[in-house]
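One structure is given here, and the rest of the page talks about it.
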Amino acid sequence: MTVTFPFVRFPLRRAIAFGMGSLAVTSLPALANYDTLPKAAGVELAIPAQMSAKNEALFYKDALYHRDISAVQHAMASVGRIMRNSEMGHEGYQPALADDAMRAQGQAWIDLQNQASLFFTDEEAVGTMVQEDGEWVPGREMNLADLALASFSYHMHHSASRWSDHGLENAITYGPATYLGAITQRLYQTHYSQSGFQNTDSERDAASMAHGLDALHSLAYSWVRWHKPGGADDMGQLSEERMENAHGISLERLVTISRNLAGTLDAAWDEERKVYDLNNDGAYHLDTLGSLIRGHKALYEILHVFGSDEDQALAETLFERKADMTLALLDSEEAVRDWGMAERVVFTVDGVRADSERIDTETQWRFLNHFAGGFGTLREREGTSDFLATRPELVEGIGALSDRLLMAALDYQLDEGGLMQRRLAVENGDVIDDRPQVAAIAWFATAAGNAYRSGDAFDRPGDWGDDAEQEERSRALYDAILANNEWLLALLD
């Protein structure tokens, strides 16, 4: 039995929890560092960090953040990609989505891309903009975490053909090329040194290494796609010289740097705990761990496709360690619950433990997206490593995690209107922060659109057949994706 709200259908047990007292959800007041701002010139789409109960745009510390623009931009891409007629636009769900709605979604991505590019200039890359004399001006410098989030724009860039019937293919293909090249060049010119990555304040730690590798991922995909069989149809149309000029790095140097980074990781590997000890004693914020796992694919694909025999052996070692880290986490009954994943975890000789009392949904959904979005763990193509065939348990484990988290969304993490909640308690799944946070809502839409077919619980309409339970679950998830997407689109009006 289900209870229907606008856009979303929830299991009855969850509707009871929302409305009848088993779960007390209290609207939290905006913290002192969130506030409304007067309208300023210079940025057409000023994406806030949160929305108030009065539907006011709230900005964190009086600034506009590139990371929030990136989050919404990625949601536009991921949801738009599955509006095609084989998925949400299928005649068995909502066929109208494949027409004007998909075109509008693509245009929204282009508009956000134009705004995101304003954060990069010839002189600098900035992570925030602040108001000064009625205009937005550069704030703090962009850090590696900002670059990592921005780099995922390659996913839409390489999906442009889905918008060919809507007249947007060229704009999506060529529009972000300079932007993506600026990210790559910023990564090496500012943040790489001595076989590692560091932020501009010379900080070198687990997070800087992980986010640097995460940003490297888009570059790895660009070169691999250029080289792989069939590459002549897209990236392969460019000469090697043009690729090097666009990305600011030669293929030979890319292989050398990847080899050096792999050496840094190798020196930090803790075989007993199945994790890297990067001066953090095996403790990771889920955001850092996700970036580290995604970044492994950047290294092992570069080394496997372009390296020597020794490099290819090193690539396989990197994959095995990535698999071991991932499976150790997925086996943790303490860190992974039916209502979500702990925000921080720590790897020990006795397994992975939760190192936080809360679930941060923005972080959790970004973590899932590392496996299924873009050139993620589950996506191998002809001419690449094909390592997944050697570890089928990794594919099964990630699929099971995807199913579990998406069911957690439907059963625990969405509010009555279908919007993603911000934070829950690890212990029991109680909502502890119900403020509508832009990044949490955007990353749910992004990850759900990319990951929903990774396991067995959800599928597209053409594959539902006579499985009534799978159809019900899939419809409910589609409804939730659209509810969050519509909320994000309203920010752009």
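Computed from a predicted structure; not experimentally measured. All heavy atoms count here, side chains included; hydrogens, waters and symmetry mates do not.
- Judged as a side-chain hydrogen bond (donor to acceptor under 3.5 Å, both in side chains), and not counting sequence neighbours, the contacts of T377 are K322.
- With a 6.0 Å radius and a threshold of 12 heavy atoms from other residues, nucleotides or ligands, N428 has its CG atom above the threshold.
- The distance from the CG atom of L216 to the CG atom of L144 is 11.5 Å, given to the nearest 0.5 Å.
- With H211 as reference, D287 is the one residue of N143, D146, N199, D287 to meet the side chain to side chain donor-acceptor pair (under 3.5 Å) rule.
- If you run side-chain contact (heavy atoms from CB on, under 4.5 Å) between V72 and each of V438, T446, L45, only V438 comes through.
- The environment of CD in E56 is crowded: more than 12 heavy-atom neighbours from other residues, nucleotides or ligands sit within 6.0 Å.
- One N or O on the side chain of S153 and one on the backbone of A150 form a donor-acceptor pair closer than 3.5 Å.
- Using bins of under 30°, 30° to 60° and over 60° for the plane-to-plane angle, the ring pair Y188/F197 lands in the tilted bin.
- N485 and Q105 form a side-chain donor-acceptor contact under 3.5 Å, judged by distance and modelled atom types alone.
- Side-chain rings of F375 and Y154 stay apart, their centers remaining 6.0 Å or farther from each other.
- A ring-centre distance under 6.0 Å is not found for Y179 and H157.
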Q) Between D111 and Q115, does a side chain to side chain donor-acceptor pair (under 3.5 Å) hold up when you go through it step by step? A) CA-CA 7 Å; D111 293 342; Q115 296 301 305; over 6 Å; no
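- A tilted orientation is assigned to the rings of W136 and F59, their planes being inclined by 30° to 60°.
- Partner of E362 under the salt bridge (charged side-chain N to carboxylate O under 4.0 Å, His left out) criterion, out of R423, R422, R67: R67 alone.
- For the side-chain contact (heavy atoms from CB on, under 4.5 Å) with N484, the qualifying choice from L419, D479, V79 is L419, the only one to do so.
- Ring geometry for W226 against F306 counts as tilted: the plane angle lies between 30° and 60°, on a 0 to 90° scale.
- Note: F152 and W443 have tilted aromatic rings, judged against thresholds of 30 and 60 degrees for the angle between ring planes.
- Atom OH of Y34 and atom CG of D62 lie 12.5 Å apart (nearest 0.5 Å).
- Between D415 and D434 the shortest side-chain heavy-atom distance does not fall below 4.5 Å.
- Atom CG of L401 and atom CG of L406 lie 9.0 Å apart (nearest 0.5 Å).
- Counting only heavy atoms from C-beta outward, the side chains of W223 and I302 never approach each other to under 4.5 Å.
- Using bins of under 30°, 30° to 60° and over 60° for the plane-to-plane angle, the ring pair Y276/H296 lands in the tilted bin.
- Contact check for F371 versus K297: no side-chain heavy atoms found under the 4.5 Å cut-off.
- Shown here is E124, whose CD atom has more than 12 heavy atoms of other residues, nucleotides or ligands within 6.0 Å.
- With 3.5 Å as the limit, one finds a donor-acceptor pair spanning the side chains of S208 and D205.
- Other residues, nucleotides and ligands contribute more than 12 heavy atoms inside 6.0 Å of the CG atom of D266.
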